[in-house]
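First comes the structure, then the notes that go with it.
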Amino acid sequence: MDKPGFPSFPPDFVWGVSTASYQIEGAVKEGGRGPSSWDAFVAEPGRIANGDTGEVACDHYHRYPEDIGLMKELGVDAYRFSFSWSRIQPDGSGAVNADGLAFYDRLVDGLLDAGITPSPTLFHWDTPLELEQAGGWLNRDTARRFADYAEIVGGHFADRIPRWITINEPVVLTMLGYGAGIHAPGLSLGFDALPAAHHLLLGHGLGVQALRAVGASTIGIANNHAATWPASEHEEDLQAASLYDNIANWIFADPILTGSYPEELAPFLPPVPDSDLAIISTPIDWYGINSYNPALVGAPTAGEAALVDGHELDASLPFSLREIEGYPRTDFDWPVVPEALTELLVGFKERYGEKLPPIYITENGAAINVGPDADGRVRDQRRIDYTDSHLHALKAAMDAGVDVRGYFHWSLLDNFEWAAGYSQRFGLVHIDYATAKRTPKDSYFWYQELIKANKGPLQQ
Ligand code: FCB
């Protein structure tokens, strides 16, 4: 039964929440875990706001039973977490760490007992340090190592995990990690970062094949996408926006869904053998989209560096990111533009037609940095407003014929927000980082009601 005010979705629509290993687990030196690119990056002075690290994070490694309880109470159907590669293969290749697998056994079994479908990502940016030191994703060999790892995890869990994601947001790792030096491994290669994009895509394709070979099924990817708006109708702005759109969106979707790279990018890419494209376009069962806000892009502005989350981008880039005015903003200063989600999804359907598999929204959410009031309650109404408006926008895309099967909110918990450390709070559940105390926020209870309202009387 629909409740007034809640957007209404089909009864089999999947409701979920998302997290990622380095952002929540902590216990970086426990259980035989090897170091990752992020452990090394956070140790470099000045990289992370307030010098924060993921060493303890939400202490989920020890508190996962409580977190499963919170999800059960919330009523979600599915949980998107990520495996830490270096917990399972401490060196990124070779020997498997039985204690690492055992941690995820406990987590997966606990989820299944709670009636929650594990929907994990194999890799959410925490490259094993030994592989990073050998070139990381700039090195083609990392794609092969990823396939070996996919085979290990798939082989171990295929009988218990019914939905899989290979890689999270290759665009952000490529651009912010190898291109702009804002994320691990902290390289500022500009366009020379693009081989990392190709190797991540190759890793994805090899990973799909490796998972299937060991009996895993229902496999997708979680790609970050943003509707791209040109700053004006002037030719130079249109061209800059189109280049950005290709680099931020289509370079990561076209090869998977059509088997080729956007033509406009040919001058920037090394020659790519057809055999690689055949691997990358190995059919997937569904396509995951992480989306937060659109991008406004224009020609470079003389000498002025654009900012991403407060970090300066190289002023010599052939495009510039502009401020989107006239919309509310989250506390991370991201614009809140729900209609851009409808535009993005409808654009996907127009671009790929029959080649587009069913879509899941694998991330969407907002940083609203409020804590408990004196009465202990966390009043994060702006997160509710953000989520409500984006779900209405998602429903509008479905009404326009886009096949969307589920929504995973980012995030279950406040967590380590990469370069911003603990300063940005995306959780439905508040974390007191001094004590690890969990406090469900107003948005948690709203999401719980929304899910109930959408389950219909039979399922309740
Ligand atoms: C995405 C990341 C996720 C989280 C959100 C806010 O780009 O995949 O880990 O940091 O942004």
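Note that the structure is a prediction, hence the values are computed from the model and not measured. Positions are given from 1, in the same order as the sequence printed here. For ligands, and for the atoms within them, numbers begin at 1 and follow the listed sequence.
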Item checked: Closest protein heavy atom to atom 7 (O) of ligand 1, given as residue, atom name and distance to 0.1 Å -> Glu169 OE1, 2.5 Å
Margin query: Any donor-acceptor pair under 3.5 Å linking the side-chain atoms of Ser36 with those of Asp39?
Written below: yes
Next item on the list: Determine, using ring centers only, whether Phe348 and Tyr287 are less than 6.0 Å apart.
Entry: yes
Check: atom 10 (O) of ligand 1: which protein heavy atom is closest, and how many Å away?
Finding: Glu417 OE1, 2.7 Å
Notebook entry, point to check: Does Arg405 make a cation-pi contact with Trp286 (under 6.0 Å, within 45 degrees of the axis)?
Noted result: no
Margin query: Can you name the atoms of ligand 1, numbered from 1 with element, that are less than 4.0 Å from a heavy atom of Trp418?
Written below: 3 (C), 4 (C), 9 (O), 10 (O)
Notebook entry, point to check: If you measure from each heavy atom of His124 to ligand 1, is any distance below 4.0 Å?
Noted result: yes
Margin query: Please verify the inter-ring angle class for His183 with Trp38; under 30° counts as parallel, over 60° as perpendicular, anything in between as tilted.
Written below: perpendicular
Notebook entry, point to check: Should Trp334 be counted as touching ligand 1, given the test is an N or O pair under 3.5 Å?
Noted result: no
Notebook entry, point to check: Should Arg144 and Asp141 count as an ion pair when the cut-off is N to O under 4.0 Å?
Noted result: no
Next item on the list: Output yes when the distance from some N or O of ligand 1 to some N or O of Asn168 is under 3.5 Å, and no in every other case.
Entry: yes
Next item on the list: Please check if any side-chain donor atom of Asn50 sits under 3.5 Å from a side-chain acceptor atom of Tyr422, or the reverse.
Entry: no
Notebook entry, point to check: Should you measure from each heavy atom of Tyr292, which atoms of ligand 1 turn up under 4.0 Å away?
Noted result: 5 (C), 6 (C), 11 (O)
Item checked: For atom 2 (C) of ligand 1, closest protein heavy-atom neighbour -> Glu363 OE1, 3.3 Å
Next item on the list: For the residue pair Asn168 and Arg80, confirm or rule out a side-chain donor-acceptor distance under 3.5 Å.
Entry: yes
Note to self: Between Ser411 and Thr19, do the side chains contain a donor N or O and an acceptor N or O under 3.5 Å apart?
What the structure shows: no
Note to self: Under a 4.0 angstrom heavy-atom cut-off, which atoms of ligand 1 come close to Gln23?
What the structure shows: 3 (C), 4 (C), 9 (O), 10 (O)
Note to self: Does any N or O of ligand 1 fall below 3.5 Å from an N or O anywhere on Trp125, backbone included?
What the structure shows: no
Margin query: As an exercise, identify every atom of ligand 1 less than 4.0 angstrom from a heavy atom of Phe426.
Written below: 6 (C)
